[in-house]
Number of protein chains: 4
Amino acid sequence: MLTSMSKIVNHSARRLEIADACLAVVSRAGLSGATTREIAKEAGVSHGIIAHYFNSKNDILRAALQRSYQQLAERIDANLNGLSGTAALQQAIHDALPIDEEGRIGEQIELAFWAYGLGNAELAEERWRSYTEWRRALEILIRGAQAQEHLEGPDPTLVAETIICTLDGLGAQVALYPDRITPERMFAIMDATLAGFGFVTATDI
Amino acid sequence: MLTSMSKIVNHSARRLEIADACLAVVSRAGLSGATTREIAKEAGVSHGIIAHYFNSKNDILRAALQRSYQQLAERIDANLNGLSGTAALQQAIHDALPIDEEGRIGEQIELAFWAYGLGNAELAEERWRSYTEWRRALEILIRGAQAQEHLEGPDPTLVAETIICTLDGLGAQVALYPDRITPERMFAIMDATLAGFGFVTATDI
Amino acid sequence: MLTSMSKIVNHSARRLEIADACLAVVSRAGLSGATTREIAKEAGVSHGIIAHYFNSKNDILRAALQRSYQQLAERIDANLNGLSGTAALQQAIHDALPIDEEGRIGEQIELAFWAYGLGNAELAEERWRSYTEWRRALEILIRGAQAQEHLEGPDPTLVAETIICTLDGLGAQVALYPDRITPERMFAIMDATLAGFGFVTATDI
Amino acid sequence: MLTSMSKIVNHSARRLEIADACLAVVSRAGLSGATTREIAKEAGVSHGIIAHYFNSKNDILRAALQRSYQQLAERIDANLNGLSGTAALQQAIHDALPIDEEGRIGEQIELAFWAYGLGNAELAEERWRSYTEWRRALEILIRGAQAQEHLEGPDPTLVAETIICTLDGLGAQVALYPDRITPERMFAIMDATLAGFGFVTATDI
DNA sequence: GATGAATGAGAATTCATTCAT
DNA sequence: AATGAATGAATTCTCATTCAT
């Protein structure tokens, strides 16, 4: 209390709120519709205050992208409790699939940022960081699954890369044509991919 | 009549020129840098004349996207001459991979349009058309490969979808991080995917 | 006619119009009041068209500054017809003095640009160019006056620099306190300066 | 009473600190860079507190201008100890010349305020006050010098005005083109001006 | 007295589209 | 068909000022 006599506002919490507002706008109107004005309106704050929390619009987008990745990572982590082996791998992949409305929106946001990253080294770097993290996490799960199934299978890195590519492709599909691919189809595609690497998935049984 | 015909021909030819100019600008400056002014300059025409050939900027983008797909399809077709079975399938996939500078630029263009398609039903529809065509062409090649190898393998549609997803994911990688994935790695990933469906690829031997 | 089918507009003439409008706004509202919007309004054109004629606001200001200098130089030149010796020198100096409303406005514009030049290398350079020209012109007149009066007087460059400094100081006075110094006072000050260098001025007689 | 007094003292002291901070920012970033935020940061106080010490930004600028003039006057006064006649006059003028870095910065600040004063009656008035003071002080020195040299020379007011104009012109030169005029050149110009009024300066001997 | 959050107006610049010639 | 001038809305960013704590 003594240290700060100012209006009690949690600076980083407010930053997150604005980043979330940014994600909401992107999911509603696309990245091109995510103007600072619109983000401010969504966050319920004045336009000018944005500058108080972010240096530039790019700063907002980077924070939003981080937030988006973080949410996915937390969701996957939370569901891994107690699982191991192929079951754990499969669970992680299923969690990464955009099977509901929320997932679809997430993919659209992701896709929007992909393109934005083309001309924006900072955002591309941010995504590369999260890609690397995700790949490493998958490799661990893959090793676990290979151990369980006594596979001397292919290089876990290669498997992880393949899985991520397929997931990314599926994500793009869902983002662009929401109603043209069912969750079942996505499961089937991912199971086929996993089966190709020797993993017997639950759905196969 | 002839004059009218020639005018019509010129008209479409000019449209293609402008669409190509649009692709050139997108590859150089990104979709956000593809302003009507810049496209006109690239095409070597005046800014105002654009309106005579296209109803709107979106119209230009749609034409450019069509052109991009058409070029890829023609490239794949041209290299299939005389090939059949798994070799043909593999050739088509390799042609679809962005292994050189040109391919990388193509993927960046593609990626830029993906995101743009999010808020643009017309562009999304255009892409869906080309996706469907591409999937059907792949299914035919897959059936040929399965026949050659006497596989009673998985549903060709599922295989095609999986392949396209993986290709799309790889395309996004290359577009965003040009120097972080080698052609050899891409071949390895696609071969692993094909192997998972029972195809013995040339590289395996 | 055949070469250009477009609206007949003289590009450079329009540039000058806008530069003049800029000067008008500066004289009315100061440099800080010279927004691109206000300049456009003064010129009777839309705000957006400014970009068609100038790359940036700084570009407009530079053109306006050039214009301001050019007008002064032309005014001085025009009145030198037939004069020589000390009379010519004195005439030039009197023409450079802000003795009427127009002169006062000119000085205010000049003063505004001085300060702006502090943080703007391009504008400072522009002014340096005009300063050098003005000093050289003065040196020639000074040599003529010294020859006429058989003076082996001080270095013409030193004389010119001193005169310009005094003129600049007077200009600043007039710009800041329009009604607190009379033309007669200015003449007296300049005559005293000239007399210090040995020139017998008309007013002295 | 005492508490109230001390508060008042602190209040004015703090005002001076902020005015000095303002001068520091102006010298570093120009008047356009002197935002209230920047001034507060320079002064080491919070942004909001500024309002407790000044009614408006203009208020700050006026205080800063006062401070700037006061510092110059004190410097000149301090160096006049024991001097009289032409020596005192010359000393005052030399002290008023921007011969070092500090002097140059002072001139830049002065110049910045000149232009600002154009559209700001309060600041212009402030400067007029200091101009009058400065002219009166000079007149006294001029009379002393004329007495010493038994000159029945020109009106001291006219001499003072001429000197100030030349000083102001030199100040503007230095402010705008720091490295294009040497202290020696400035001394020469001022000595020539003084010589024109019959004063034999030390440098002449 | 002091803090920093908040506001809202206004700045330059960009751009798709329209229009007179 | 063709030009390029013109429009007006929209975008990001900045900033003096006000306000709740």
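Below, chains carry the letters A, B, ... as their sequence lines are ordered, and counting in each starts from 1. Atom set for the values below is all heavy atoms of this structure, side chains included, hydrogens, waters and symmetry mates excluded.
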Now, which nucleotide makes the Watson-Crick or G-U wobble pair with F:dA2, with each of the two distances under 3.5 Å?
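Partner of F:dA2: E:dT21.
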Going by purine N1 to pyrimidine N3 plus the second Watson-Crick contact, or the G-U wobble pair, all under 3.5 Å, which nucleotide sits opposite E:dA9?
F:dT14
Atom [atom1] of [X] to atom [atom2] of [N]: distance rounded to whole Å?
X	N	atom1	atom2	value
C:Glu38	E:dA12	CD	C1'	14 Å
A:Arg37	E:dA6	CZ	P	18 Å
A:Phe54	F:dT11	CZ	C1'	18 Å
D:Leu61	F:dA16	CG	C1'	12 Å
D:His52	E:dG4	NE2	P	13 Å
C:Ile49	E:dT18	CD1	P	16 Å
B:Ile39	F:dG4	CD1	P	18 Å
A:Lys57	F:dC13	NZ	C1'	12 Å

Between A:Gly44 and B:Asn58, name the one whose nearest nucleotide on DNA chain E is closer to the 5' end.
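Upstream on the strand: A:Gly44.
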Could you say whether C:Thr35 or A:Ile50 is positioned toward the 5' end of DNA chain E, judged by the nucleotide with the nearest heavy atom to each?
A:Ile50
Does a nitrogen or oxygen in the side chain of [X] sit under 4.0 Å from OP1 or OP2 of [N]?
X	N	result
B:Tyr53	F:dA1	no
C:Thr36	E:dA12	yes
C:Arg14	F:dA6	yes

Enter the distance from C:Glu125:CD to D:Leu176:CG here, rounded to the nearest 0.5 Å.
11.0 Å
Which distance, rounded to the nearest 0.5 Å, do you find between the OG of C:Ser46 and the CZ of C:Arg37?
10.5 Å
Between D:Asp20 and the options D:Arg14, D:Arg15, D:Arg67, the salt bridge (Lys or Arg N to Asp or Glu O under 4.0 Å) test singles out D:Arg67
DNA chain F: 5'-proximal contact among D:Gly48 and A:Ala34 (nearest heavy atom)
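That would be A:Ala34.
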Closer than 3.5 angstrom, by distance alone: can the side chain of B:Asn120 be matched with the main-chain N or O of B:Tyr116 as a donor-acceptor pair?
no
With a 3.5 Å distance limit and no angle check, can you tell me whether D:Gln108 reaches the backbone of D:Ala175 through a side-chain donor-acceptor pair?
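Indeed, once roles are kept as given, a pair shorter than 3.5 Å links the two residues.
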Closest nucleotide among F:dT3, E:dA12, E:dA16 to the C:His47 side chain:
E:dA12
